[in-house]
Amino acid sequence: MAIKQASSPDDATFSGDLDHIRELITAELRNDAYVPVNCQDIAVQVEDLLLNTVDRGEGNSLLLIGNRGVGKTALLNHILHQVKNKAENHFLVVRLDGLTSSDDFIALKEIALQLSLDLEVDNLGPEVNLNSFASTMNFLLETLNSGDEKRQSILFILDEFDLFTHHHNQSLLYNLFDLSQSKATPLAVIGLTARQDVVELLEKRVQSRFSRRRYQIHGPATFEEYVGVARGILAPPGTPTTWSSHVDYVLSGRKCKVREYLERVFSYNKSMELLKNALFWVPPYLDSSGINVDSLERTLLDVFRDSQAEVIRSLSRLECCLLVAAARLSVKHANQPFNLELMLHEYNEWVTFEGGKLYRLPNHDLAVSAMENLAEFRLLRLLSSRQTKTQKEYKQMYLNVDIVDLVRVVKGCNLPLAVTRWAETTLTF
C-alpha cells in the first residue's frame, strides 16, 4: 500500500532543504523557554517584577496558575532568560519541587546545595539553631551575602507550589514570603501550580505576607489558536516559504485527517506538552515530499486515545457503569442513538443479574448528573443541539469512544471484577 503524503499545492520537493528543516523543527520541539498563546502581557508584567527585584532590590511574590502542560515552566524560563539579558546586576535562582522537597528541612538542604553553602555543624556559629527553620534560613542568606558590597538577589521558584502548603506550619512559605517583604535581602518567590484554590490553602499568617499576585495561564482558547501553535512548531522561522505552504496544506485537512485528529486531541487535552510529544514524530519521517501524513495521523490518534483513557480512569464507578451500558446499547442496536432511560434499563438488568450485590439503581438526579459529566467529557455525544426542550433523560446520544479501547481501559481501572467482566461481555455479542 502506498504511503500517503500531503504535498503542498504546487507539489514542491524539499530534498535540498530537508536537513535544515528537520533541525529547525527539532530545535522548536526541544525549546523549553517560550511565551504560550495569550500570555504576552503576563510575560511583560512578571519580567518587570523580577527586574525590580534584581536591579532595585524590591521583594516580590507571585503565583503562575494553570493546568498541567499549559506552559507555565516554559513561560517562566523565557522570562528568566529575558531578565538575565536585561538586568544590570547578577542574581541567583533556586528551584524547589514540592514532589521531592517533602518537608522543610529537605527543602533547606536543597537550598543550601543550590547556593553552594555548607550546613555542617562545625561551620555554624553558636547563634544558629539547626532545629529552627527561620534561624537556619537567615544564616544561609547572611552567609551568602557576607563580604559583598551589594546584596545579591535570589529568585526562588517553587514548582508544585500547592504541595508546600502541606508542610508543618508552612514554615518554608512563611519565611520566604516574610523575607520577600523585608529589605534585608532582595528576594522574589515564584510559585507554579495547577490548583486554582491554592491561596485558600495558605494559613492566615502566610497569606498576610503574600502579595496576592496571581497570573492565570490558560493556553489556546480556540482550536484555531491550537492549530496556530502546531503550525509555529512545524514551520518555525527560517524554513522556506514553500515549506510553510506545505505545512498549511497539511493542517488544512483537505487531503488527510491530520486536522480532524488534532481537533480530537484538543477537545480532550489542550496541553502544549502533549502536542509537542505528538509532533516529535514528524522530523524522523520527513522526506523529499514533505510530512509523512500516515505517521502523523497514527501518532495523533494514539495521543487522542491516551487522553481519552486518562479521562475514563478518572470517572466514578457509576459513570463507568453507565458508559459500559452505553457501549452495550451501541453494539446491540448497531450504533443507533440511545438515551439515559435505555442506559439505566441496561444497567438495571445487569444489577438484577448480579443479584443486587454491588449496586442498586441510582436515584434520578445522580444518574442525570453522571450522564451530563460523560457528555461534558465528550465520551457521549448528543445527537443534536436542538434537543433543548427534551427532558434530559430522553435526549438522544451516541457513544463517542471506541468500544475496544473502552473495555481495555476499564479492565485496568480499580473496579470490582463483576464490572470488568460485564464490560468484557460487550465484545462477545
Side-chain angles (χ1 to χ4, degrees), residues 46-64 76 79-80 83 87 89-98 101-119 123-125 127-193 198-199 201-215:
V46 175
E47 181 185 317
D48 288 341
L49 288 173
L50 299 188
L51 282 172
N52 286 340
T53 298
V54 174
D55 288 339
R56 300 175 183 85
E58 296 179 6
N60 281 299
S61 56
L62 60 100
L63 291 174
L64 298 179
L76 185 56
I79 293 169
L80 291 176
V83 172
N89 302 318
H90 294 293
F91 62 93
L92 299 172
V93 176
V94 174
R95 293 179 181 265
L96 301 176
D97 192 317
S101 299
S102 55
D103 62 54
D104 285 345
F105 285 102
I106 292 176
L108 202 59
K109 291 177 182 178
E110 183 62 26
I111 292 170
L113 180 65
Q114 293 189 36
L115 297 179
S116 302
L117 300 179
D118 195 349
L119 276 183
N123 298 324
L124 303 179
E127 71 283 358
V128 179
N129 179 10
L130 273 182
N131 293 320
S132 167
F133 178 87
S135 173
T136 312
M137 185 70 178
N138 283 325
F139 165 76
L140 287 175
L141 294 174
E142 288 299 325
T143 303
L144 180 71
N145 290 297
S146 62
D148 290 343
E149 293 182 0
K150 186 172 183 179
R151 292 181 181 272
Q152 200 164 20
S153 304
I154 307 176
L155 307 182
F156 281 89
I157 300 172
L158 277 59
D159 207 357
E160 303 291 347
F161 179 87
D162 52 287
L163 297 182
F164 289 97
T165 65
H166 301 303
H167 291 191
H168 180 65
N169 291 333
Q170 297 184 359
S171 296
L172 176 68
L173 298 180
Y174 176 82
N175 282 277
L176 288 179
F177 286 151
D178 190 53
L179 285 167
S180 71
Q181 290 189 340
S182 72
K183 296 182 179 180
T185 302
L187 184 146
V189 182
I190 307 106
L192 291 81
T193 180
V198 66
V199 175
L201 302 177
L202 298 175
E203 295 179 0
K204 288 184 179 179
R205 67 189 187 112
V206 181
Q207 286 190 31
S208 68
R209 283 158 175 77
F210 174 50
S211 69
R212 299 275 178 171
R213 291 191 184 94
R214 292 180 289 180
Y215 298 94

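Along the sequence shown, residues are numbered consecutively beginning with 1.
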**Q** F91: which residues meet the ring pair (Phe, Tyr, Trp, His ring centres under 6.0 Å) condition with it, sequence neighbours left out?
**A** none
**Q** Is the closest side-chain heavy-atom distance between L163 and T165 below 4.5 Å?
**A** no
**Q** Should D103 and L172 be marked as a side-chain contact (heavy atoms from CB on, under 4.5 Å) after you check the CA-CA gap, both sets of side-chain angles, and the distance that decides it?
**A** CA-CA 9 Å; D103 62 54; L172 176 68; over 6 Å; no
**Q** Please find the pair of heavy atoms, one from V54 and one from H90, that lie closest to each other, and give the distance.
**A** CG1-O, 4.4 Å
**Q** Could you walk me through whether E110 and L113 satisfy the side-chain contact (heavy atoms from CB on, under 4.5 Å) test, starting with their C-alpha distance in whole Å, then the side-chain angles of each, then the deciding distance to 0.1 Å, before giving a yes or no?
**A** CA-CA 5 Å; E110 183 62 26; L113 180 65; 4.1 Å; yes
**Q** Quick one: closest heavy-atom pair of R212 and V199, and the distance?
**A** NH1-CG1, 3.5 Å
**Q** Taking all non-hydrogen atoms of both residues, which atom of L96 and which atom of Q114 are closest, and how far apart?
**A** CD2-NE2, 4.4 Å
**Q** Under the side-chain contact (heavy atoms from CB on, under 4.5 Å) criterion, do F161 and L192 qualify, and how do the steps go?
**A** CA-CA 6 Å; F161 179 87; L192 291 81; 5.8 Å; no
**Q** Can you check whether V198's main-chain N or O pairs, donor with acceptor, with D162's side chain at less than 3.5 Å?
**A** no
**Q** Does a side-chain heavy-atom distance below 4.5 Å link D104 with H168?
**A** no
**Q** Check for a donor-acceptor pair, side chain of S153 on one end and backbone N or O of T53 on the other, with a separation under 3.5 Å.
**A** yes
**Q** So, does S208 use its side chain to make a donor-acceptor pair with the main chain of R205 at under 3.5 Å?
**A** yes
**Q** Please list all pairs passing the salt bridge (charged side-chain N to carboxylate O under 4.0 Å, His left out) test where one or both residues lie in residues 164-179, with sequence neighbours left out.
**A** D178-R209
**Q** Kindly say whether S171 contributes a backbone atom to a donor-acceptor pair with the side chain of N169 at under 3.5 angstrom?
**A** no
**Q** Flag the pair D159 / R95 as yes when at least one side-chain heavy-atom distance between them is below 4.5 Å, and no otherwise.
**A** no
**Q** Write down the atom of L187, the atom of L176, and the distance for their closest heavy-atom approach.
**A** CD2-O, 3.7 Å
**Q** When you measure from the side chain of S61 to the backbone of S211, do you find a donor-acceptor pair of N or O atoms at a distance under 3.5 Å?
**A** yes
**Q** Apply side chain to side chain donor-acceptor pair (under 3.5 Å) to N52 and list each qualifying residue two or more places apart in sequence or on a separate chain.
**A** R56
**Q** Less than 4.5 Å apart, any side-chain heavy atom of L92 and any of L155?
**A** no
**Q** Within the 4.5 Å heavy-atom criterion, are Y215 and L63 side-chain neighbours or not?
**A** no
**Q** Look only at the side chain of H167 and the backbone of S101, and say whether a donor-acceptor pair between them is shorter than 3.5 Å.
**A** yes
**Q** A side-chain contact here means heavy atoms from C-beta on lying under 4.5 Å apart; do L80 and I157 qualify?
**A** yes
**Q** Begin from the C-alpha positions of F156 and I111 and carry the test side-chain contact (heavy atoms from CB on, under 4.5 Å) through to its verdict.
**A** CA-CA 9 Å; F156 281 89; I111 292 170; 3.8 Å; yes
**Q** Can any side-chain N or O of Q170 pair as donor or acceptor with the backbone N or O of E203 at less than 3.5 Å?
**A** yes
**Q** Can you tell me if D55 uses its side chain to pair, donor with acceptor, with the backbone of A87 under 3.5 Å?
**A** no
**Q** Report yes if some heavy atom in the side chain of I190 is under 4.5 Å from a heavy atom in the side chain of L50; otherwise report no.
**A** yes
**Q** Has Q207 got a side-chain atom pairing as donor or acceptor with L202's backbone, closer than 3.5 angstrom?
**A** yes
**Q** What I'd like to find out is whether the side chain of L49 reaches to under 4.5 Å of the side chain of R213, using heavy atoms alone.
**A** yes
**Q** Using only atom types and a distance under 3.5 Å, with no angle test, would you say the side chain of E58 pairs donor to acceptor with the backbone of Q181?
**A** no
